[in-house]
Amino acid sequence: GRDISLGGISFTHTDPLSFRNIALTFALDDGVFASVETRLTWCRFTLEGVYESGGFFLRTLAIPSDRSEDWSQLRLA
């Protein structure tokens, strides 16, 4: 992450992202993982040769290892 707040996040990545809604997973200090569906609202390619993207959090998700989460049901862009 580059910047994070209660409402959203910005981060850097090396490859372009194909979707506007993504699932971000965070490793918390207590060893628990938390996943959040995030709606990307902007992206730019930097002079350093990486992408910067940002958006706002939509909802929490079950952790990826939880088979009850149907990942095909994420809203499409």
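- Thr46 is linked by a side chain to side chain donor-acceptor pair (under 3.5 Å) to Glu48, counting only residues two or more places apart in sequence or in another chain.
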Chi angles and distances behind the side-chain contact (heavy atoms from CB on, under 4.5 Å) call for Ile9, Thr38: CA-CA 8 Å; Ile9 189 168; Thr38 304; 4.3 Å; yes
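- Partners of Tyr51 according to the side chain to side chain contact (heavy atoms under 4.5 Å, CB included) rule, which considers only residues two or more places apart in sequence or in another chain, are His13, Pro16, Cys43, Phe45.
- Across all non-hydrogen atoms, the minimal contact from Trp42 to Gly55 is NE1-N, 4.4 Å.
- Residues Ile4 and Phe57 form a side-chain contact, since some pair of their non-hydrogen atoms from C-beta on lies under 4.5 Å apart.
- The side-chain heavy atoms of Phe33 and Leu28, taken from C-beta on, include no pair separated by under 4.5 Å.
- Heavy atoms from other residues, nucleotides or ligands lying under 6.0 Å from CG of Asp29 number 12 at most.
- Shortest non-hydrogen contact noted between Ile22 and Leu24 is CD1-CD2, 3.7 Å.
- With sequence neighbours left out, the side chain to side chain contact (heavy atoms under 4.5 Å, CB included) criterion links Ser5 to no other residue.
- Leu58 approaches Phe56 most closely through the heavy-atom pair CD2-CE1, 3.3 Å.
- Remark: Thr41 OG1 to Arg20 CZ distance equals 7.0 Å, nearest 0.5 Å.
- Contact annotation: the side chain of Leu17 approaches that of Leu40 to within less than 4.5 Å [non-hydrogen atoms, C-beta and beyond].
- Across all non-hydrogen atoms, the minimal contact from Ala23 to Leu61 is CB-CD1, 3.8 Å.
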